[in-house]
Amino acid sequence: MRRLIAVALLLVTAGALSAALLGASAQGSSSSQIDAIFDDAKGLVGGQVLKIAGAQAGTIDNVVLTKNYKARIEMSVDSRFMPFKQDANCTILAEGLISENYVECDPGSAGSPPLKASGGFPPTVPVNHTSEPVSLLDLFDIFNLPTRERFTVLVNELGIGTAGEGQNINSILLRANPALSLARQVIGILDSQLAQLATAVDATSTVAASLSRNTAGLQNFLTNAATLTETTSAHDSNLALTVNRLPGLLAAAQPALSELNTVAVDGTPLVQQIHASVPSLNRVANDLGPFVAAAKPGLQKLGAALSKAIPAIRDATPLIKEVRSYSHNSLASTKLTGQLFTNLQQKGFVENFLSIFYYLAAAMSRFDATSHMLGFALLAPNNGTCTLYATTPVAGCSSNFGGASAPSIAGGSAGRKVTPRSSSTGASPSRPATPRAPSASSTQKTVTTPQSVPSSGSGATSPPPSSGTGQSAVTLQNLLNYLIK
């Protein structure tokens, strides 16, 4: 007994809690108003269902007629599905073949702005976002008496026309497969060119408006078109032959058309650049006339100059041929000469050759108490024997002023005799005296101009002629060794 009382208390407690929870949920839930405009209510009345994603989300409150004879469906929807967006849409669907209709709505995407109330009405889905699909009842409504009679006649005639043609129909169906494939290709091409077709359709209104303003010209065009059609019909056999040959022509022209398309695509940037340079080309064309007018006198003078230059060119032609022949024949030696000059430059020939003169001048110069002095020698007879160093006088190499005899000086030069100056200072002969200005009554000075004197009676013998030649040969050999080192 106690157990029964405890179970009863538990049931009463659970029922109270459930009622409290249901009451709280009922008080917490709320609804919002949303309207939708349809072209036709399709039998909707108040109390029918509003669904979102197939689940019930509200009810239809009322159906009213708008000022422009549309159906305004006033609905209550759970606030959880609000607000409806501007891309929301609604449609009227049927629960089944013979059941009532309901409204199916999509509140819209999250990124779209919300619908706003206006004109004293709650947020409203516009008529261009609503639809009423064709139901089976609408399909049945088209079969009224005249329609049924004509449909019956059509079916009967179709049966009579296809009676006994089963084999032909099968052949048609078998052959229709390639045709259907080609039809799909045509449909695909038309779909890819949908924008161009839409533009063409839109342009037909402009064309029709232009034709309506020129009916006489249109009538003339139609008359000429009728004449052309009659002429074409008179040559139907040739036209049929042309049509039969057209596939082969199109197949042969396909590669050329492909290349032409490639040229057109690749040439588009060039055409754009030419279009951009049209103003400059126009300016050049406008300036070309004055330029030609200014250049005409110069061209006339150039013609006169050419008339005089042509004979000179004709006379110079043999010389040019000779120069050309010489250039051809000397090409090999010219290449070798170029290699030689390049090799000499790389080996430093020019610098070393110039160094010879520098070092020769430095070797021949002497430095005394005053400055540098560059010595020189004059080649005399007897193969230059007077230029060689000698310790005794050499016949034919003495020179002095007047008829004075040349004193004998030990260690003197064979080609240069010097008379000592008188000195009043009593300086030693080995020390050079202080130079003074010469006078007419004092010191006599000899010059270094060798004289040709007979060697007989002098008591001295001349060196052999080969001694000067050997010295020159040694000098040249040393020079060559320096250049090619």
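Along the sequence shown, the residues carry numbers beginning at 1. Quick note: numbers below take in every heavy atom, side chains included, and nothing from hydrogens, waters or symmetry partners.
Although no hydrogens or angles enter the test, the distance criterion places a donor-acceptor pair under 3.5 Å between the side chain of Ser307 and the main chain of Ala304. Judged purely by atom type and a 3.5 angstrom limit, Asn282 uses its side chain to pair as donor or acceptor with the backbone of Val278. With Thr124 contributing its side chain and Asp35 its backbone, the two residues share no donor-acceptor pair below 3.5 Å. Listed for the Ser333 side chain is a donor-acceptor partner under 3.5 Å among the backbone atoms of Ser330. Judged purely by atom type and a 3.5 angstrom limit, Glu132 uses its side chain to pair as donor or acceptor with the backbone of Asp39. Judged by distance alone, with hydrogens and angles left aside, the side-chain atoms of Thr91 form a donor-acceptor pair with the main-chain N or O of Ser131 at under 3.5 Å. Between the side chain of Ser79 and the backbone N or O of Ser30 there is at least one donor-acceptor pair closer than 3.5 Å. Checking side-chain atoms of Ser277 against main-chain N and O of Ile274 turns up a donor-acceptor pair under 3.5 Å. The main-chain N or O of Cys90 is never found under 3.5 Å from a side-chain atom of Glu104 such that the two would form a donor-acceptor pair. A distance-only check finds a donor-acceptor pair linking the side chain of Asn244 to the backbone of Ala240 [under 3.5 Å].
Classified by interplanar angle (parallel below 30°, tilted 30° to 60°, perpendicular above 60°), the ring pair Phe357/Phe353 is perpendicular.
When every heavy atom of Val125 is checked against every heavy atom of His129, the shortest pair comes out as CG1-CB, 3.8 Å. Closest of all the heavy-atom pairs between His235 and Thr231 is ND1-O, 2.9 Å. Asp87 approaches Gly108 most closely through the heavy-atom pair OD1-CA, 3.2 Å. Of all heavy-atom pairs spanning Gln33 and Pro123, the tightest one is O-CD, 4.0 Å. Residues Pro269 and Asp266 approach most closely at CD-O, 3.2 Å, considering heavy atoms.
Residue Gln193 places its CD atom among more than 12 non-hydrogen atoms of other residues, nucleotides or ligands, all under 6.0 Å distant.
Residues Asp78 and Arg80 are paired through a salt bridge, judged by an N-O separation under 4.0 Å between the basic side chain and the carboxylate.
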**OP:** Check the pair Leu228, Asn224 against side-chain contact (heavy atoms from CB on, under 4.5 Å), reporting the backbone distance first and the verdict last.
**Re:** CA-CA 6 Å; Leu228 177 62; Asn224 294 333; over 6 Å; no
